[in-house]
Amino acid sequence: MKFDIIVLGSGPGGYVTAIRASQLGFKVAVVEKENLGGICLNWGCIPTKALLKSAQVFEYLKHASDYGLTINGEVDKDFNAVIARSRSVADGMSKGVQFLMKKNKIEIIDGFGKVKPGKKVEVTDKDGKVSEISADHIIIATGARSRELPNLPQDGKKVIGYRQALTLPQQPKKMIVVGSGAIGVEFAYFYNSMGTDVTIVEFMPNIVPVEDEDISKQFERSLKKAGIKIMTNASVEKVDTTGEGVKATVKTSKGEEILEADIVLSAVGIKTNIENIGLEDVGIATDRDKILVNEYYQTNIPGYYAIGDVVPGQALAHVASAEGILCVEKIAGHHVEPLDYGNIPGCTYATPEIASVGMTEKKAKEAGYEIKVGKFPFSASGKAKAAGTPDGFVKVIFDAKYGEWLGCHMIGAGVTDMIAEAVVARKLETTGYEILKAVHPHPTMSEAVMEAVADAYGEVIHL
């Protein structure tokens, strides 16, 4: 079979790429070895948000009296029903992708795809049958999986990755979460809310270490207040799974400590899926687990492209989608601007939520900027107080000379839906003074952005 474009993988990079290619008039095929929607829809972004929503509702119910409400009878959870709901949401989203594929007349080829010289793809289906297809352009979007550390091998039962964490048959009484990036802290929050005794072990000095230091400190206070134990500057040296549970030897600045738990969740990053997909046969260049591409996602071999987690850059669903769209629009001959990786928003969906874009205060200073910094706490927000969510703040960083919006960092309820204002404003090269003079609605959480900007410029009203 001959196509214009073949996409390997149907995650948020692959399926979005395929749809945009079809819209541009290309004959498109997608090769997928498992479920349409990839990790994000089936084992990542979507099902975790379903779990987190259940945890959030459970927390609301337990604190109903804070809102003047009375619940007659005990408030409890059904752990298996919570997991089942999460799987149902994921299945529904995957079916939605199936509909979009059919609507856009995209050929779905089930099986494991391997690129070959001559712009060909070899597909092995679940029965071992091998077929070959070809295209003028082949786009690799095979994504990534949970990374395993040599001293923390995953057995899928006592030492698990995020996939097993989504479908545990029973709720653990004690859990150790290794790593405090978005995946680690989201699961830590969920299981803690369900009643599991959770300890986070983080190698770096601060949890969520990519975030601004003020955000990290506030988030650590919030998690500790919720009952989560946190160990920073610490590393798991080894695990003993021979007993009924798990014994983890944790190295700290004070020496070694042994933690006992039912399960250890390893959330120490991701490993790209680039093995055995034919890169060496074609001669496609890689470096440190990533496929090397130019600004239009072309590899060193003409006709072969790569997007998403397999290429350098932030391993985020929205990044993969943006890269795929840019890639096929370039193939179609459109004028496209390279992606600005300095303006990619990052979100963490625990409670409180975290959202950020651009430089941290530390990075801005290191880059030599003279800066203006503004901060507005949600404790001074009427909407946040009325909603019972006064924890957190908005922090903004501007270049003092030209007013350029260098960074925006938020922690609090609903901030993952608010960060887009900063992303769009930075894309349009909006200055701090323009944000200050743009009227924000009251009462809203989003007016905290305007107030934080006002604080940076010495004009804050509500502090």
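Since we're looking at a predicted model, the values are computed, not measured.
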Exercise. Report the C-alpha distance between Val264 and Val236 in whole Å, list the side-chain angles of each, state the deciding distance to 0.1 Å, and finish with yes or no for side chain to side chain contact (heavy atoms under 4.5 Å, CB included).
Key: CA-CA 10 Å; Val264 173; Val236 174; 5.8 Å; no

Exercise. Verify salt bridge (Lys or Arg N to Asp or Glu O under 4.0 Å) between Arg163 and Glu34, making sure each step is shown before the conclusion.
Key: CA-CA 14 Å; Arg163 287 184 73 137; Glu34 197 172 358; 2.6 Å; yes

Exercise. Quick one: do Leu326 and Tyr297 satisfy side chain to side chain contact (heavy atoms under 4.5 Å, CB included)? Show the steps, please.
Key: CA-CA 8 Å; Leu326 194 156; Tyr297 310 102; 3.9 Å; yes

Quiz prompt | Worked verdict on Arg147 versus Leu149 for side chain to side chain contact (heavy atoms under 4.5 Å, CB included) | solution = CA-CA 7 Å; Arg147 183 162 68 98; Leu149 296 177; 3.7 Å; yes

Exercise. Could you walk me through whether Tyr189 and Thr351 pass the side-chain hydrogen bond (donor to acceptor under 3.5 Å, both in side chains) test, one step at a time?
Key: CA-CA 7 Å; Tyr189 164 72; Thr351 297; 3.2 Å; yes

Quiz item: Is there a side-chain hydrogen bond (donor to acceptor under 3.5 Å, both in side chains) between Gln154 and Ser146 once you walk through the steps?
Solution: CA-CA 10 Å; Gln154 297 176 22; Ser146 179; 3.1 Å; yes

Quiz prompt | Step-by-step salt bridge (Lys or Arg N to Asp or Glu O under 4.0 Å) determination, Arg426 to Asp340 | solution = CA-CA 11 Å; Arg426 281 165 45 79; Asp340 177 6; 5.3 Å; no

Quiz item: Can you check side chain to side chain contact (heavy atoms under 4.5 Å, CB included) on Ser356 and Ile215, steps first, answer last?
Solution: CA-CA 9 Å; Ser356 59; Ile215 297 286; over 6 Å; no

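At distances below 3.5 Å, at least one donor-acceptor pair connects side-chain atoms of Asn42 with backbone N or O atoms of Leu36. Not one N or O on the side chain of Ser86 forms a donor-acceptor pair closer than 3.5 Å with the backbone of Val82. Here the side chain of Asp66 pairs no donor or acceptor atom with the backbone of Gly388 at under 3.5 angstrom. Counting only distance, with no hydrogens or angles, the side chain of His409 and the backbone of Met359 share a donor-acceptor pair below 3.5 Å. Looking only at distances, a side-chain donor or acceptor of Tyr67 sits under 3.5 Å from a matching main-chain atom of Ala387. Using a distance-only test at 3.5 Å, with no hydrogens or angles considered, a donor-acceptor pair links the side chain of Thr142 to the main chain of Asn273. Of the possible donor and acceptor atoms, none in the side chain of Lys126 sits under 3.5 Å from a partner among the backbone N and O of Asp110. Judged by distance alone, the side chain of Ser216 and the main-chain N or O of Ile207 form a donor-acceptor pair under 3.5 Å. Side-chain N or O atoms of Ser180 include none that pairs as donor or acceptor with a backbone N or O of Val185 at under 3.5 Å. Remark: side-chain polar atoms of Ser94 are not paired, donor with acceptor, to backbone N or O of Ala90 under 3.5 angstrom.
Contacts classified as ring-ring contact (aromatic ring centres under 6.0 Å, His included) and involving residues 364-385 (residues at least two apart or in different chains) are not found.
Comment: Glu361 engages Lys395 in a salt bridge, judged by a side-chain N to carboxylate O separation of less than 4.0 angstrom. Between Glu213 and Lys365 there is no salt bridge, since none of the side-chain N atoms of the basic residue sits less than 4.0 Å from a carboxylate O of the acidic one. Salt bridge Asp212/Lys363: absent, no basic N to carboxylate O contact under 4.0 Å. Using a 4.0 Å cut-off between a side-chain N of Lys or Arg and a carboxylate O of Asp or Glu, Lys217 and Glu220 do not qualify as a salt bridge.
We find the OG1-CD distance between Thr389 and Glu353 to be 10.0 Å, quoted to the nearest 0.5 Å. In this structure, the separation between NZ on Lys238 and CG on Leu152 is 13.5 Å, given to the nearest 0.5 Å. We find the CE-CG distance between Met175 and Asn192 to be 11.0 Å, quoted to the nearest 0.5 Å. Here CD of Glu404 is found 11.0 Å from OG1 of Thr430. Values are rounded to the nearest 0.5 Å. One distance of note links CD1 of Ile419 with CD1 of Ile354; it measures 11.5 Å at 0.5 Å rounding. Going from atom NZ of Lys173 over to atom CD1 of Ile263 covers 13.0 Å, rounded to the nearest 0.5 Å.
Not counting sequence neighbours, the partners of Trp405 by the ring-ring contact (aromatic ring centres under 6.0 Å, His included) test are Phe398. Residues passing the side-chain contact (heavy atoms from CB on, under 4.5 Å) test with Ile46 are Leu41, Val89, Met93, sequence neighbours excluded.
Taking every heavy atom of both residues into account, Glu59 and Ser193 meet most closely at OE2-OG, 3.3 Å. Between Asp309 and Lys290, the shortest heavy-atom distance links the atoms O-NZ, 2.8 Å. In terms of heavy-atom proximity, Asn343 sits nearest to Val423 at ND2-O, 3.1 Å. When all heavy atoms of Val177 and Gly184 are compared, the pair lying nearest together is CG1-O, 3.5 Å. In plain terms, the two heavy atoms of Ile228 and Ala188 that are nearest each other are CD1-O, 3.7 Å. The two residues Ile200 and Gly179 make their nearest non-hydrogen contact at CG2-O, 4.3 Å.
Looking at Ser235 and Glu237, their side chains do bring a donor and an acceptor atom within 3.5 Å of each other. Side-chain contact of Gln171 with Thr196: a donor-acceptor pair under 3.5 Å is present, judged by distance alone. Donor-acceptor pairing under 3.5 Å is recorded for the side chains of Glu421 and His440. If you check the side chains of Lys95 and Gln98, you find no donor sitting under 3.5 Å from an acceptor.
Tyr191 and Phe79 have tilted rings, their planes meeting at an angle from 30° to 60° on a 0 to 90° scale.
Other residues, nucleotides and ligands contribute more than 12 heavy atoms inside 6.0 Å of the NZ atom of Lys49. Applying the 6.0 Å contact sphere to OH of Tyr341 captures more than 12 heavy atoms from other residues, nucleotides or ligands. Within a 6.0 Å radius of CG in Asn276, no more than 12 heavy atoms belonging to other residues, nucleotides or ligands are found. The number of heavy-atom neighbours closer than 6.0 Å to CD of Glu366, taken from other residues, nucleotides and ligands shown, is above 12. Heavy-atom neighbours of Tyr402 OH from other residues, nucleotides or ligands within 6.0 Å: at or below the threshold of 12. Other residues, nucleotides and ligands place no more than 12 heavy atoms under 6.0 Å from the CE atom of Met204. Remark: Lys271 NZ is packed, more than 12 non-hydrogen atoms of other residues, nucleotides or ligands lying under 6.0 Å away. Taking a 6.0 Å sphere around CD of Glu275, one finds it holds more than 12 heavy atoms contributed by other residues, nucleotides or ligands.
At a threshold of 4.5 Å between non-hydrogen side-chain atoms, the residues Tyr15 and Val7 do not count as touching.
The side-chain tip of Lys114 does not point at the ring of Phe112 from less than 6.0 angstrom away and within 45° of straight on.
None of Asn300, Ile140, Ile284, Thr299 except one satisfies the side-chain contact (heavy atoms from CB on, under 4.5 Å) rule with Val293; the exception is Thr299.
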